[in-house]
Amino acid sequence: MSENVVHLHKPTDPPTADNAPTVLTVVPDAPPAPPVPLWVRSGRKVKSAVTHETTKTTARAVARHGLYTFNGGRIVARRTWDGKTGARYERMIRTAEAAGNLEAAEEWEERLQRFRAARHHRRMDLLHSPVEAAKGIAVGTGVSIGVLVALGVVMAINNHDVTDVITPLRATIDFIALLIRIVQVVWGPALTIGPFLALLALWTVGSKQQAAPQWALPDNVRSGEGEPITPSIVVKALRDLGVPALRGAIKEMGDAGASMLGPIRIAGCGVEVDVTLPSGVATNEVQGKRRKLAENLTRHEHEVFITKPQAARTVRLWIADSGALDEPIGPSPLVTDETMTADYTKGKAPWGQDLRGDAASLSVYQRHLLITGLSNQGKTAALRALALWLAFDRTVEFRIADLKGVGDWDMFDGLATVLIQGPTDDHVIEATEMVEGLVAEMERRLQAPPGTKFTPLVGIVDEAQVAFMCPAKDADKRPYGGAKATSRYFMAVRKVHNQGRAVDVTLWEGTQDPTDQNLPKLVREGAHTRASLVLGTESQARMALGDKAINGGAAPHLLRQGLDKGTLVVASDGIDIPAGQASITVRTHYISTDDAKEIAARAKALRDGVATLHVIDRGEERDPLADIAGVVGDAPRVRTKDVLARLATLNADAYGGWSFIDLKRVLDDADAEPYKSDGVMVVSRDRVARALANRDTDGSASTDG
């Protein structure tokens, strides 16, 4: 037992006097922990030894060098067999036939026949060689002895000594005896060392070919960083993919399996190669093993993209240079080119670069747009970049609702006629009425006389999932959110999708990870351009881009969250997509908020001034003349049809049914009548302002109309 220990300490409660006595307590020691059993300690030591890094490194080294020797022997045996037989020619014939190249097959068959004929002649020569060799040895020996004797006779005559006749012959015999003794001495060690030298030679062959599994290779070799992509590397990666039919077909073709490959082309920050799969191998079998294929190519999964080109039974591999996709692609032309302009009808927005390094530009002409992705992956930046470019077309009107409300769209104050920013139900209500205003304008345009030209009207709703999931209801108990026919936001979006593009009324939406609850099927399928940043699951990717794009190789769910910010998978006819593919991957230019403000300032300079509404009023008594002054803003003059459109946006109930006659009546009564400028009717800012100033102080315009 352990001894008790005496501790001196003050009492826990504060003493009543300064000289409180010290309290002595006896605290026994804690009982000792039970001893760890010997078998447990032994198991821990064994586990530690097995999992120790040095042990694993040693095990890999032993396996690596052993396999170098074994596989080196296989390589030498294969080479010897190919040299002695026609196996090489037969493989080439099968490969040419599989590729449908009959001319090459015939040429290799002719080479095989010539090889067999030459081999036959060599074998026939071997049948006669013993007799010929014996005759040659006999004749050679006789001639050699005669020459030596003749030399001895000459030496005997010269030296006057008859014994010199056999001196050359004796010297030759002594030399042969010396060679025999040397062989006898060396033969024993040679028999001992020879096998080791042979193993060393086989090890050298195996090490040069790296003939060992990837797990056994050294770290600097296994990483493969910077390793160039060659046909043999691609074929080996496909062979080891785990598809039995593919492995069997490549084994049948041998080293000529590279015939499956098209030319390896430089493509941006990587290479591109088309692979024609053998019969019995489906393209989806290769697509489903993207990670394994990437690792076989010594790349990360995100550095290999598999798509299906136009040719049948073919997959297209794009393989990035190691680490290249982590490098930025450079600033947007909107930032670097201050002379850039935009054309809604014929132009394309500079959005970024594709994987080949080529510029990726998107046409937004009469196309509804949907961008999805996880939060904080660059969705707003990608959507805003398109709007900033389009702002340089002064004919385009923007109506924007940002249901996040952190100032990402502040720079459009003075560019957009409507700018709603905030995440509350009230903001959703205003955003819904903004989209319903798009519907009202669309219906007005659809009823216009044939041939009427319309200016583009683009509605943008960022964080649209907030609108779809809003629980608020109006006075008639109709919900603003949801995906039913009673949902005001849902139905307004559907109406714009159905007919808006015909009269240049389009809707762009950005939303977080899509589900049926926050992005109904009819809405996502109504977008002509669908783009997705990184998503969590394949089902979400299918909702974002559609089954056709995903089945064709699009994989936004395989992008890396946080590392592939701004990388979009796009399915649209408004962007150049390689023939046969359903989508394209775009690395978008990042435009910071400060740069966006500078770009927006340049766009504002092209316009006469836009009065931006931040709140859509509902149900209040209206002052038409004051509202007209508000929508005219700072522009010296505004076309009457634009004034009518802005009034309808301001309050659809009060001004949605207004015509030019209603507008003219209010302005005429205030002595601010519209007039013609360059052939079109306009409203003067100064006239309206003067009318407001001269109006009776207690009077406000009536709410006619």
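None of these values were measured; they are calculated from a predicted model.
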Between the side chains of Gln366 and Asp504, does any donor sit under 3.5 Å from an acceptor? yes

* Would you say the side-chain atoms of Gln465 pair up with the backbone N or O of Gln512, donor to acceptor, closer than 3.5 Å? -> yes

### Salt bridge present between Arg637 and Asp678 (N-O < 4.0 angstrom)
no

Taken to the nearest 0.5 Å, the spacing of Thr529 OG1 from Asp573 CG works out to 6.5 Å

Verify, without hydrogens or angle tests, whether Asn694 (side chain) and Arg690 (backbone) share a donor-acceptor contact under 3.5 angstrom. yes

| Salt-bridge criterion met for Asp413 and Lys597 (N-O under 4.0 Å) | no

| Side-chain donor-acceptor pair under 3.5 Å between Glu538 and Gln540, yes or no? | no

Given the options Asp462, Thr424, Val461, Leu403 meets side-chain contact (heavy atoms from CB on, under 4.5 Å) only with Val461

### Query
Any sub-3.5 Å donor-acceptor pair from Ser583's side-chain atoms to Val570's backbone N or O?
no

OG1 of Thr455 to CZ of Arg394, rounded to nearest 0.5 Å, is 12.5 Å

Has the side chain of His557 got a donor or acceptor atom that lies under 3.5 Å from a matching backbone atom of Leu535?
no

message = Tell me if a side-chain donor or acceptor on Arg445 pairs with a main-chain N or O of Phe454 at a distance below 3.5 Å.
response = no

Would you please test Lys348 and Leu362 for side chain to side chain contact (heavy atoms under 4.5 Å, CB included) and show each step?
CA-CA 5 Å; Lys348 289 188 174 184; Leu362 180 71; 5.9 Å; no

Output yes when a side-chain donor or acceptor of Gln377 lies under 3.5 Å from a complementary backbone atom of Gly562, and no otherwise. yes

Between Leu625 and Ala670, the two heavy atoms sitting closest are CD2-CB, 3.9 Å

> Tell me, do Phe468 and Thr511 make a side-chain contact under 4.5 Å, heavy atoms counted?
Replying inline: no

### Message
Go through it in stages, so that I can follow the logic: the residues are Val688 and Leu667, the test is side chain to side chain contact (heavy atoms under 4.5 Å, CB included), and I'd like the CA-CA distance, side-chain angles, deciding distance and then a yes or no.
### Response
CA-CA 8 Å; Val688 175; Leu667 294 174; 4.1 Å; yes

Go through the steps for Ile575 and Val586 under the test side chain to side chain contact (heavy atoms under 4.5 Å, CB included), then give the verdict. CA-CA 10 Å; Ile575 193 170; Val586 177; 3.9 Å; yes

Within 6.0 Å of NZ in Lys604, more than 12 heavy atoms from elsewhere: yes

_Under the criterion salt bridge (Lys or Arg N to Asp or Glu O under 4.0 Å), I'd like the reasoning laid out for Lys379 against Asp513: C-alpha separation, chi angles, the key distance, then a yes or no._
CA-CA 11 Å; Lys379 176 178 71 273; Asp513 46 324; over 6 Å; no

Parallel, tilted or perpendicular: which one describes the rings of Tyr344 and Tyr365, with boundaries at 30° and 60°?
perpendicular

task: Measure the acute angle between the ring planes of Trp409 and Phe412, then classify it against the limits of 30° and 60° as parallel, tilted or perpendicular.
output: tilted

Check: Judged by atom type as modelled, is there a donor-acceptor pair below 3.5 Å linking the side chain of Arg587 to the main-chain atoms of Gly352?
Finding: no

d(Glu441 CD, Arg646 CZ) to nearest 0.5 Å is 12.0 Å

Exercise for the section: Determine whether Leu369 and Leu383 make a side-chain contact, defined as any pair of heavy atoms from C-beta on separated by less than 4.5 Å. Expected result: yes

Ignoring hydrogens and angles, tell me if any N or O in the side chain of Arg316 forms a donor-acceptor pair with the backbone of Pro309 under 3.5 Å.
no

Heavy-atom nearest pair, Ile591 first then Ala596, reads CG2-N, 3.8 Å

What one should report as the nearest heavy-atom pair of Thr640 and Val683 is CG2-CG2, 3.8 Å

Is the closest side-chain heavy-atom distance between Arg524 and Pro514 below 4.5 Å? no

Can you check whether Leu644 reaches Leu663 side chain to side chain, under 4.5 Å on heavy atoms?
yes

dist Glu303:CD -> Trp318:CH2 (nearest 0.5 Å) comes out at 8.0 Å

CG (Leu568) and CZ (Arg530) are apart, to the nearest 0.5 Å, by 14.0 Å

Discussion item. Determine whether a donor-acceptor pair (N or O, by modelled atom type, separation under 3.5 Å) exists between the side chain of Asp564 and the backbone of Arg560.
Written reply: yes

Arg290 to Phe305, cation-pi by 6.0 Å centre distance and 45° axis angle:
yes

So Asn376 and Lys565, do their side chains get closer than 4.5 Å, heavy atoms only?
yes

**Asked** Is any side-chain N of the basic residue among Asp662 and Arg665 closer than 4.0 Å to the acidic one's carboxylate O?
**Response** yes

- Whether His368 side chain and Leu507 backbone form a donor-acceptor pair below 3.5 Å: yes

Just do the side chain to side chain contact (heavy atoms under 4.5 Å, CB included) check on Met442 and Leu446 with the steps written out, would you?
-> CA-CA 6 Å; Met442 175 193 73; Leu446 288 170; 4.0 Å; yes

Taking every heavy atom of Ser539 against every heavy atom of Thr537, the minimum-distance pair comes out as OG-OG1, 3.0 Å

- Message: Please determine whether a side-chain nitrogen of the Lys or Arg among Glu598 and Arg602 lies less than 4.0 Å from a carboxylate oxygen of the Asp or Glu.
- Response: no

### Query
Is it the case that Ser572 and Arg367 place a side-chain donor and acceptor less than 3.5 Å from each other?
no

Tightest non-hydrogen contact, residues Asp474 and Arg478, listed as OD1-N, 2.7 Å

What one should report as the nearest heavy-atom pair of Pro624 and Tyr655 is CA-OH, 3.3 Å

inquiry  = Could you tell me if the side chain of Glu430 sits less than 4.5 Å from the side chain of Leu613, heavy atoms only?
reply    = no

inquiry  = A side-chain contact here means heavy atoms from C-beta on lying under 4.5 Å apart; do Pro556 and Ile550 qualify?
reply    = yes

Item checked: Close side-chain approach of Lys495 to Glu436, heavy-atom, < 4.5 Å -> no

One should read off an interatomic distance between Thr588 OG1 and Leu533 CG, to the nearest 0.5 angstrom, of 7.0 Å

